[in-house]
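In what follows, a single structure is set out as C-alpha cells and then discussed.
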Amino acid sequence: MMELTDLARLLLRNKEVTVSIRKYSYYDPVENTFNLSFFWKHRTDISEREGFRYDILTRYTSAFIMDYSQYDSIKDRNILAQQIFLSLEYYRNRRAAFHFRPLISSIVGKGDRIKIKEYSRKAATDAEYFLKKLNIAILEDSEVFSTFGKDFKLISTSTEESIHMTEVIMTELASHITLDTTFQIHDMPFNEINVFNQAKPFRKDAAKLNEEEELEENLTRNVDTKTARDAEDANVLGDTGDNTSRKSPHNRQNNHNDEVSDYYEGFGRNSGENDFEDRGRVNQHATLEVVRPKINISKYQEYRVIYESYNQVAQKVIGDITQILNYKMNAYQTRRTSGKLMKNPVGPLMENSHKLFVKKNIESKDLDAVFTIIIDQSFSMTEHLIGCRNAAIILNNILRTLHVPHRIISYHEDTFEVMKQYYPNKIYEHLDFEKSKYYYPVSLMNLEASGDNRDGLILRNEIDNLNQRSEKDRFIIMFSDGLPSAEEYNQSGIVDTHEAVQEARKSGIQVINMFIDQNNEENTLSAIRNIYDTDMIVVEDAEEIAFALPNLLKRILAKILM
C-alpha cells in the first residue's frame with residue numbers, strides 16, 4: 001500500500017492523494033482517493049501488486065483530463081447508460097496514459113489479457129453481453145465497435161464527447177436489447193460529484209487530447225514520494241506539505257484542572273491542552289488532547305522498588321557514557337602545529353617534525369541530545385504495559401542522570417467517545433522536557449490499556465514538539481505491539497505512520513520502534529519493517545525491553561559522542 005500510494009502520488013502529481021481498495025477501480029475526485037479493485041485480490045494468475053498497479057497505470061490521467069462538471073448529466077441515467085459512459089471515459093484514460101507514458105502500454109498487457117478472459121465469460125443478459133464486448137474492444141484498442149450491423153465510434157477526446165457518444169449508442173440499443181441491467185464493470189460516485197459541483201465546480205478538462213498544455217503542466221509538477229525505492233526510481237523528493245491545525249467540528253474545549261501534589265513530582269496544578277491537529281485527510285476528523293495525569297503518591301513506594309530493581313542496569317550505562325564524556329573532556333591532541341609546547345618533544349625533534357605542540361579538547365560535560373519516549377496504550381498492549389513502563393523508568397534514570405532532557409508520554413484513541421467525523425485522541429504526559437531534569441514519572445504506575453492507536457497522528461505531534469528544540473541530536477523511542485488501528489485508520493494508518501516516520505527523518509529526528517512480537521506474525525512484522533526500516537528492535541516479550549533498551553541507549557549515546 002505504501003508503494004502504491006507513492007506510485008499514485010507520482011503519476012497524479014498530487015502529494016495528498018490516498019489509495020484504497022474497493023469493489024471497482026476509479027479515481028474519486030471528491031475524496032482525492034484512488035480506489036483499486038478487489039478483482040486483483042487472491043488471484044493465481046497475477047500478483048496483487050501487479051493488479052493494483054494496473055489500475056493506477058490505466059486510470060491515473062483521470063485527475064487531469066476529466067471534466068467532472070459534465071458528470072451531472074449522467075447522474076440520473078440508468079445503469080447501462082452510466083456503464084457505457086464510464087467505459088468510454090476509461091478508454092480515454094487509457095489512451096491518454098499511453099500517450100504521455102508510452103511504456104505503460106507494454107506493462108499492462110498481462111492485466112489486459114486477464115480482463116479480456118473475464119469479460120469473455122457467458123453473460124446473463126443482452127445488456128451484460130454488450131458491456132462485456134464493448135470493454136473487450138476497448139482493451140484491444142479498437143477504434144470502432146461493431147454490433148447489430150452498426151459501427152460505433154469508441155475514441156472520445158473529451159467528457160462532453162463521451163456523453164454524446166453514449167446517447168448515440170443508447171438510442172441504437174433501444175430497438176435491439178432490454179436496457180435494464182444491474183451489471184457493472186466501472187463505478188463513479190455521481191451523487192457526491194453532483195453535491196461538490198453545486199458547492200465548488202470542478203475545472204473543465206482540455207477540449208481535445210492534442211491540446212496538451214494543461215496536462216503537460218500537471219505532469220511536470222513536482223510530487224512527494226515516501227518509500228525510498230520509488231523516490232529513487234522517480235528521482236523526485238519533496239516536502240510532505242503542512243499539517244497546520246484544523247478546527248474540530250465539535251469545537252470542544254479540553255479544560256482540565258488536575259489537582260496534583262508536587263510532593264515528589266512538582267507537577268502542581270495544570271490544564272489539559274490541544275495544540276496540535278493533523279489536517280491530512282486520513283486524520284482530518286481526529287482531535288488530540290494532552291492530559292497531565294494525576295499522581296497517586298501511594299504508588300511512589302512501588303515505583304521505588306522498580307527503580308531499585310533495574311538501577312544496576314541503568315548505572316552500568318551511566319558509568320560507560322560518563323567515562324566517554326570524561327575522556328572527551330580531558331583528552332589531549334598531540335603533535336599539533338599550534339597550541340601548548342609538549343613537555344617532552346624528543347619524538348618529533350628526532351623525526352625532524354615541526355609538530356611540537358599539544359592542545360586540550362574543551363568538551364561540554366552534557367550531551368547535546370533530546371529524547372521523546374512514546375508508549376502505545378491501546379487495548380492490545382494490556383499484557384505489555386508493565387514491561388514498557390519499566391523500560392521508561394530505566395530510561396528516565398539514565399537520561400536524567402546524564403542531564404539529557406526527555407519527554408515521556410502514553411496515548412490512545414478513545415473508542416468510547418468516537419462519533420461520525422469526530423475521533424478523540426489523548427496523550428498522557430507523564431514527564432515533560434523541563435521536569436525530566438529533576439523528577440520521576442511516577443504517574444506511569446497508573447497506566448491502563450484503552451482504545452485504539454492512531455500512530456501517525458501522535459508521531460506528528462511529537463515531531464512538531466522536537467522541531468522546536470535546539471538540541472543537535474533528537475530521538476523518538478516508541479513502544480508498540482502491532483500495526484496502527486483506529487477509526488477509519490487501518491490500511492491508510494500504515495501509510496500515514498510510514499509517512500510520519502519519513503517526515504521525522506527529513507527533520508533530522510530518528511524514530512526507533514521497540515516492537516513486541518509475541519505472536520510472530522510475519523505479515524505484521526513485514527509491515528512494521530516497512531514503516532520503520534532498520535530503526536526497530538523486535539522482542540518476544542515486553543519484559544525483555546527493560547534489558548534490551550539500556551544497551552540500545554548506550555549505543556546511541558556512544559555514537560553521538562564518538
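Position 1 is the first residue of the sequence; numbering continues from there.
- Not one N or O on the side chain of S25 forms a donor-acceptor pair closer than 3.5 Å with the backbone of S37.
- A salt bridge does not link E499 with K506: every distance from a Lys NZ or Arg NE/NH1/NH2 to an Asp or Glu carboxylate oxygen is 4.0 Å or more.
- A salt bridge between D141 and R95 is absent, with no side-chain N of the basic residue lying under 4.0 Å from a carboxylate O of the acidic one.
- Side-chain atoms of N425 and E289, non-hydrogen and from C-beta on, never get closer than 4.5 Å to each other.
- One finds a salt bridge joining R77 and E167 here, because a Lys/Arg side-chain nitrogen approaches an Asp/Glu carboxylate oxygen to under 4.0 Å.
- No side-chain donor from either of T415 and D452 sits under 3.5 Å from a side-chain acceptor of the other.
- Here the side chain of E128 pairs a donor or acceptor atom with the backbone of A124 at under 3.5 angstrom.
- In this model, no donor atom of one side chain and acceptor atom of the other lie less than 3.5 Å apart for R9 and N14.
- Defined by atom type and a distance below 3.5 Å, a donor-acceptor pair is missing between the side-chain atoms of D180 and T178.
- Taking the ring centre of F39 as origin, the terminal cationic atom of K115 falls inside the region bounded by 6.0 Å and 45° from the ring axis.
- Looking at S142, its side chain never comes within 3.5 Å of a backbone N or O of F145 through a donor-acceptor pair.
- Using a 30° and 60° split on the angle between ring planes, Y60 and F64 fall in the perpendicular class, above 60°.
- Counting heavy atoms from C-beta outward, Y91 and I155 have side chains that approach closer than 4.5 Å.
- For the pair D45 and R113, the salt-bridge criterion is not met [side-chain N within less than 4.0 Å of a carboxylate O].
- The backbone N or O of G456 sits less than 3.5 Å from a side-chain atom of Y489, completing a donor-acceptor pair.
- A donor-acceptor pair under 3.5 Å links the side-chain atoms of N78 to the main chain of A81, judged by distance alone.
- With hydrogens and angles ignored, the 3.5 Å screen pairs a side-chain donor or acceptor of D414 with a backbone N or O of F416.
- Using a distance-only test at 3.5 Å, with no hydrogens or angles considered, a donor-acceptor pair links the side chain of T382 to the main chain of F379.
- In this structure, R59 is not positioned above the aromatic face of Y27 in the sense of NZ or CZ being under 6.0 Å from the six-membered ring centre and within 45° of the axis.
- A salt bridge does not link R53 to E50: none of the charged side-chain nitrogens sits closer than 4.0 Å to a carboxylate oxygen.
- The backbone N or O of K426 sits nowhere less than 3.5 Å from a side-chain atom of H412 that would complete a donor-acceptor pair.
- Side chains of E89 and Y71: a donor-acceptor N/O pair is present below 3.5 angstrom, by distance only.
- For the residue pair N513 / S480, a side-chain donor-acceptor distance below 3.5 Å is found, with atom types taken as modelled.
- The main-chain N or O of I509 is never found under 3.5 Å from a side-chain atom of S507 such that the two would form a donor-acceptor pair.
- Between R94 and D112, at least one side-chain nitrogen of the basic residue sits less than 4.0 Å from a carboxylate oxygen of the acidic one, meeting the salt-bridge criterion.
- K41 NZ: more than 12 foreign heavy atoms inside a 6.0 Å radius.
- Annotation: side chain of E462 is in contact with side chain of I374 (closest heavy-atom distance under 4.5 Å).
- Between the side chains of N197 and S69, not a single donor N or O lies within less than 3.5 Å of an accepting N or O.
- In H176, the NE2 atom is crowded: over 12 heavy atoms of neighbouring residues, nucleotides or ligands sit closer than 6.0 Å.
- Side-chain atoms of T18 and T33 include a donor-acceptor pair closer than 3.5 Å.
- Counting only distance, with no hydrogens or angles, the side chain of Q510 and the backbone of I476 share no donor-acceptor pair below 3.5 Å.
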Y90 vs H186, test: ring-ring contact (aromatic ring centres under 6.0 Å, His included). Steps then yes/no.
CA-CA 8 Å; Y90 173 65; H186 308 284; 5.2 Å; yes
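- Other residues, nucleotides and ligands contribute at most 12 non-hydrogen atoms within 6.0 Å of the OH atom of Y129.
- Between E413 and A486 the shortest heavy-atom distance is OE2-CB, 3.4 Å.
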